[in-house]
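Have a look at the structure below before the remarks.
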Amino acid sequence: LPAALLVTQPFYPPPAPCPCPTNIMPKEVPMKTAICYYSRHHGNTLKVLEAMAEAADIDLIDVTSRMAAHLPQYDRIGFASGIYYSKFHPTVIDYAERYLPQGKEVFFVATHGSKSCPEKYFSAIRQVTEEKGCPILGAFSCCGYDTFGPFKLIGGMAKGHPDAADLQNARSFIQAL
């Protein structure tokens, strides 16, 4: 070929770089979470749940509200109660039996007057969730002022709880799920 026909540069300019950023990652969609709870007496459980709701997007469902449950819309479901005679309140257990969909991720929250939280506190709610094939993500518990039953005679147990440290631990728990 004659030298005049040799082209060392392309006929067309190279395409301009794409103006779109290439490092955009899809946003992580947060898990939709509900906590079904019973909180009476001193409102300890609700105090803990409100602290959790400050730290994460959670719908709180009072199991005594008589509202229809729409739990299938949630990715994970918590069950929360004060401890009454070493177990979750029966209203929470009944609610889980009726409305918890099969296979949903679950977790538990409990407030209690004792200094320790034995596994037996969670046994009834754990049984219901296991029967429905629900993976258990974990459990949170803390002390709560307790004047239920015989504790009233001695002025109660766990006065001042849940305290600021308990509420911070609750926030950390829900954020770690």
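Values below: all heavy atoms of this structure, side chains included; hydrogens, waters and symmetry mates excluded.
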Any residue meeting salt bridge (Lys or Arg N to Asp or Glu O under 4.0 Å) with Glu131, in chain and number order, not counting sequence neighbours: none

Check salt bridge (Lys or Arg N to Asp or Glu O under 4.0 Å) between Asp94 and all other residues, then give those that pass, not counting sequence neighbours. Arg98

Could you tell me if the side chain of Ile77 sits less than 4.5 Å from the side chain of Pro101, heavy atoms only? yes

Are Ile61 and Leu71 side-chain neighbours, meaning at least one heavy-atom pair lies under 4.5 Å? yes

Assigning hydrophobic clusters by single linkage (Ile, Leu, Val, Met, Phe, Trp, Tyr; side-chain heavy-atom cutoff under 4.5 Å), is Val109 placed with Tyr84? no

When rounded to the nearest 0.5 angstrom, what is the spacing between CZ in Arg76 and CD1 in Ile136? 15.0 Å

Identify, with sequence neighbours excluded, every residue that meets ring-ring contact (aromatic ring centres under 6.0 Å, His included) alongside Phe88. Phe122

Gln73 side chain to His70 main-chain N or O, any donor-acceptor pair under 3.5 Å? yes

Working for side-chain contact (heavy atoms from CB on, under 4.5 Å), residues Ser141 and His112: CA-CA 8 Å; Ser141 71; His112 49 85; 3.6 Å; yes

Assess whether side-chain contact (heavy atoms from CB on, under 4.5 Å) is satisfied between Cys134 and Leu100, documenting all intermediate values. CA-CA 9 Å; Cys134 298; Leu100 178 62; 3.6 Å; yes

If you compare all heavy atoms of Ile35 against all heavy atoms of Phe79, which two are closest, and at what distance to 0.1 Å? CG2-N, 4.4 Å

Sorted by chain and residue number, the side-chain hydrogen bond (donor to acceptor under 3.5 Å, both in side chains) partners of Thr45 (sequence neighbours excluded) come out as Thr111

Selection residues 102-114 - residue pairs positive for salt bridge (charged side-chain N to carboxylate O under 4.0 Å, His left out), sequence neighbours left out: none

Any heavy-atom pair between the side chains of Ile93 and Ile125 that's under 4.5 Å? yes

Hey, quick one: are Phe108 and Ile174 part of the same hydrophobic cluster, counting side-chain heavy atoms closer than 4.5 Å, chains of contacts allowed? no

Mind checking what makes side-chain contact (heavy atoms from CB on, under 4.5 Å) contact with Thr91, not counting sequence neighbours? Tyr38, Val63, Thr64, His89

Would you mind reporting whether Tyr37 and Asp62 have side-chain heavy atoms less than 4.5 Å apart? yes

Qualifying residues under side-chain hydrogen bond (donor to acceptor under 3.5 Å, both in side chains), relative to Lys132, sequence neighbours excluded: none

What distance do Ser65 atom OG and Leu60 atom CG have between them, rounded to the nearest 0.5 Å? 11.5 Å

The criterion is side-chain contact (heavy atoms from CB on, under 4.5 Å); which residues satisfy it with Ala51, sequence neighbours excluded? Leu167, Arg171

Going from SG on Cys142 to CD on Gln168, what distance comes out if it is rounded to the nearest 0.5 angstrom? 12.5 Å

Taken to the nearest 0.5 Å, the spacing of Cys36 SG from Tyr74 OH works out to 8.0 Å

Does Ala170 have any side-chain contact (heavy atoms from CB on, under 4.5 Å) partners at least two apart in sequence or in another chain, and if so, which? Val48, Met52, Phe140

Using side-chain contact (heavy atoms from CB on, under 4.5 Å) as the criterion, list what pairs up with Lys47, not counting sequence neighbours. Asn44, Pro162

Contacts of Asn169 that satisfy side-chain hydrogen bond (donor to acceptor under 3.5 Å, both in side chains) - sequence neighbours left out: none

Do Asp59 and Thr33 have side chains that get closer than 4.5 Å, going by heavy atoms? no

Nearest heavy-atom neighbours spanning Phe107 and Phe173: CD1-CE2, 3.9 Å

Going from CG on Asp75 to CG on Leu177, what distance comes out if it is rounded to the nearest 0.5 angstrom? 12.5 Å

If the condition is salt bridge (Lys or Arg N to Asp or Glu O under 4.0 Å), which residues does Arg126 pass it with, not counting sequence neighbours? Glu119

Shortest non-hydrogen separation from Val92 to Ala80 and the atoms involved: CG2-O, 3.6 Å

